[in-house]
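We count residues from 1, following the sequence as given.
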Amino acid sequence: MGLYGLMTTSISGMSVQADRMGTVADNIANVNTTGYKEASAQFATLVAEGHVASYVPGSVSSVARRAISHQGDISYTTSPTDLAISGNGFFMVQSPSGTPFLTRAGSFVTTNGQLVNAAGFTLLGYDLLNGGSTSVINSAAGLVPVSTANLGLKATPSSVGEFQVMLPSDAATSVNLPSANGAFADFSGKTSIITYDNLGHQVTLDIYSAKTANNQWEVTVYDNAGASANGGFPYAGGSLLTTLPLTFDGTNGKLLTPANGTLSVNIPNGTTLSLALGNTTQLAGDYTPMKATANGNGPSAVDRFEISKNGTVTAVYADGSRVDAFQVPLASVASPDNLTAISGNVFATNKDSGDLQLGKANTGALGYIASGALEKSSVDLASELTTMVEAQRSYTANSKVFQTGTQLLDVLVNLVR
């Protein structure tokens, strides 16, 4: 092969060093890309067959590798939908055309109600509402975009509350009890509280307290919607919701009966409200409401998502209520470094990587999901600059070999002149 052989060998040397420089360029360009995994060029010798008496130069080839299993540093952000994986696993995402991929790039923001990362891929998870979706361990079947689109507005009917009042022990006994719904009802005090029906309408409850005898009281609840034109008695028919006698201990003013101290009120078009009266007392002084609360809320929209370490996505409504809406799984393969890299910092499975396996985050060999955090690029800039210098020197050395071969070839050609 002679001179032509050494020139061919040096060309292959320059070619693989150019490939190496290509990985360095790619790594440095993506040094700030979230979830990026560094690439490297690995070399393999190609030996040419020849006679024992003469050496035949061979060649060298390169293959690109990606350290996909290399954990990048975690940096924290102020967005709860920025997600990082600490440990093994990948997020399942889908392209705009609906193709599922794996990624570690968790810079998700809410776009048209869905969580979409910087490359335009949508986060996938299992639907925990509407009967839930079927999870399959070796396929993306059953996964849906994590979205607020199906959550809509939510109203919560009132079901529990508390009413605490200090009743005047020296009050006069009522002659016309509120429970009789007469025009001239007399009582020691009235307190109104807001509750909610099944549709989120406000239902105002008027709570009257009237003394019936020594240490004996009666609590009567009306629907304010049935109040007369002057705002009180008599209420319209059907407005009386409940009435309950109370008995107090004359020595310390504490409530004796009912023993559980609970008043049950059937909210019109709502649920039964359990109103706790246990801390109500009968003491000297004026009628003084101490505390009045009831849960429930009117229609409210989803304000934000919260994501736990195990991937549970909780929708937080504007009124502060929370609903577990999605479960984000993590994907794994037997050989993650053999995954096929796709534009957009995503990966696809192939025969060498092994089949897809899905599981719950923070279980088994899978890592946990960190909300409000991002995984940095795994590129070490100092190492890349060092590799660049090495590649430059090697490329130059190979070019010198080629140049020398060319000069020797010129000498050979000039011999015949």
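- Here the straight-line distance linking atom OG1 of Thr340 with atom CZ of Phe347 works out to 10.0 Å at 0.5 Å rounding.
- Looking only at side-chain heavy atoms (C-beta outward), Val165 and Met290 stay at 4.5 Å or farther from each other.
- The shortest side-chain heavy-atom distance between Ser192 and Thr204 falls under the 4.5 Å cut-off.
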Notebook entry, point to check: Run the side chain to side chain donor-acceptor pair (under 3.5 Å) check on Tyr36 and Asn27 step by step: do they pass?
Noted result: CA-CA 9 Å; Tyr36 176 81; Asn27 291 338; 2.9 Å; yes
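- Using a distance-only test at 3.5 Å, with no hydrogens or angles considered, no donor-acceptor pair links the side chain of Tyr287 to the main chain of Ser209.
- None of Asp73, Asn32, Thr34 except one satisfies the side-chain contact (heavy atoms from CB on, under 4.5 Å) rule with Lys376; the exception is Asp73.
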Notebook entry, point to check: So Val221 and Leu263, side-chain contact (heavy atoms from CB on, under 4.5 Å) or not? Walk me through it.
Noted result: CA-CA 10 Å; Val221 181; Leu263 179 68; 3.6 Å; yes
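- Side-chain N or O atoms of Asp303 include none that pairs as donor or acceptor with a backbone N or O of Tyr317 at under 3.5 Å.
- Remark: the Ser228 side chain and the Asn230 side chain contain an N/O donor-acceptor pair separated by less than 3.5 Å.
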Notebook entry, point to check: What's the verdict on side-chain contact (heavy atoms from CB on, under 4.5 Å) for Gln202 and Tyr196, showing C-alpha distance, side-chain angles and the deciding distance?
Noted result: CA-CA 5 Å; Gln202 288 189 357; Tyr196 295 89; 3.5 Å; yes
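- With Asn295 contributing its side chain and Ser159 its backbone, the two residues share a donor-acceptor pair below 3.5 Å.
- For the residue pair Asp26 and Asn30, a side-chain donor N or O sits within less than 3.5 Å of a side-chain acceptor on the partner.
- Between the side chains of Thr156 and Asn297, at least one donor N or O sits under 3.5 Å from an acceptor N or O.
- Taken from NE2 in His70 to CG in Asp380, the straight-line distance is 8.5 Å, to the nearest 0.5 Å.
- Taking 4.0 Å as the cut-off between side-chain N and carboxylate O, Arg66 and Glu38 do not count as a salt-bridged pair.
- With Ser399 contributing its side chain and Thr396 its backbone, the two residues share a donor-acceptor pair below 3.5 Å.
- Within the 4.5 Å cutoff, the side chain of Tyr208 has no heavy atoms near those of the Ser188 side chain.
- Remark: the backbone N or O of Gln327 is not paired with any side-chain donor or acceptor of Thr312 at under 3.5 angstrom.
- When all heavy atoms of Met7 and Ser10 are compared, the pair lying nearest together is O-OG, 2.7 Å.
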Next item on the list: Go through Leu358 and Leu143 one step at a time and tell me if the side-chain contact (heavy atoms from CB on, under 4.5 Å) criterion holds.
Entry: CA-CA 11 Å; Leu358 295 178; Leu143 292 174; 4.2 Å; yes
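- The shortest side-chain heavy-atom distance between Val313 and Asp324 does not fall under the 4.5 Å cut-off.
- Atom CD of Glu162 sits about 12.5 Å away from atom OG of Ser274, to the nearest 0.5 Å.
- Expressed to the nearest 0.5 Å, how far OG1 of Thr280 lies from CG of Leu277 amounts to 5.0 Å.
- Here the CD1-CG distance, from Ile193 to Asp206, works out to 10.0 Å after rounding to the nearest 0.5 Å.
- By the 4.5 Å heavy-atom criterion applied to side chains, Phe43 and Asp19 are not counted as neighbours.
- Counting heavy atoms from C-beta on, the side chains of Phe248 and Trp217 come closer than 4.5 Å.
- Sorted by first then second residue, the side chain to side chain donor-acceptor pair (under 3.5 Å) pairs that include residues 244-271, not counting sequence neighbours, are Gln216-Thr247, Thr247-Thr257, Asp249-Thr251, Asn266-Thr272.
- Between Asp337 and Ser69, the side chains place a donor N or O and an acceptor N or O closer than 3.5 Å (distance only, hydrogens not considered).
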Next item on the list: Output, in order, the C-alpha distance, side-chain angles, deciding distance and verdict of side chain to side chain donor-acceptor pair (under 3.5 Å) for Thr243 and Ser179.
Entry: CA-CA 7 Å; Thr243 185; Ser179 57; 4.6 Å; no
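- No donor-acceptor distance shorter than 3.5 angstrom exists from the side chain of Ser371 to the backbone of Leu83, with no hydrogens or angles considered.
- No side-chain heavy atom of Leu115 sits under 4.5 Å from any side-chain heavy atom of Thr122.
- Closest approach of Ala331 and Leu366 over heavy atoms only: O-CD2, 4.5 Å.
- Side-chain N or O atoms of Thr81 include one that pairs as donor or acceptor with a backbone N or O of Phe108 at under 3.5 Å.
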Next item on the list: Let me see the working for Ser308 and Asn310 under side chain to side chain donor-acceptor pair (under 3.5 Å), right down to the final yes or no.
Entry: CA-CA 5 Å; Ser308 67; Asn310 65 11; 2.5 Å; yes
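- A donor-acceptor contact shorter than 3.5 Å is absent between the side chain of Gln17 and the backbone of Arg393.
- Ring geometry, Phe233 versus Phe187: the interplanar angle falls from 30° to 60°, so the pair is classed tilted.
- For the pair Pro329 and Leu124, the tightest heavy-atom approach, listed with the atom from each and the gap, is CD-O, 3.9 Å.
- For the pair Ile74 and Gln71, the tightest heavy-atom approach, listed with the atom from each and the gap, is CD1-NE2, 3.7 Å.
- Val333 and Gly354 make their closest contact through CG1-O, 3.9 Å (heavy atoms, listed as atom of the first residue, atom of the second, distance).
- Counted by atom type alone, Asn338 and Ser353 present zero donor-acceptor pairs between their side chains at under 3.5 Å.
- Residues Val316 and Phe305 are not in side-chain contact: their nearest non-hydrogen atoms beyond the backbone lie 4.5 Å or more apart.
- Between the side chain of Thr195 and the backbone N or O of Val203 there is at least one donor-acceptor pair closer than 3.5 Å.
- Taking all atoms of both residues into account, the shortest heavy-atom contact from Pro100 to Met92 is CB-CE, 4.1 Å.
- Using a cut-off of 4.0 Å between Lys/Arg side-chain N and Asp/Glu carboxylate O, Glu390 and Arg20 are scored as salt-bridged.
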Item checked: Check against side-chain contact (heavy atoms from CB on, under 4.5 Å), Thr314 and Phe326 -> CA-CA 7 Å; Thr314 302; Phe326 296 93; over 6 Å; no
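- In this structure, CG in Leu205 is found 6.5 Å from CG in Leu273, a value given to the nearest 0.5 Å.
- Side chain of Ser383 to backbone of Leu381: no donor-acceptor contact under 3.5 angstrom is found.
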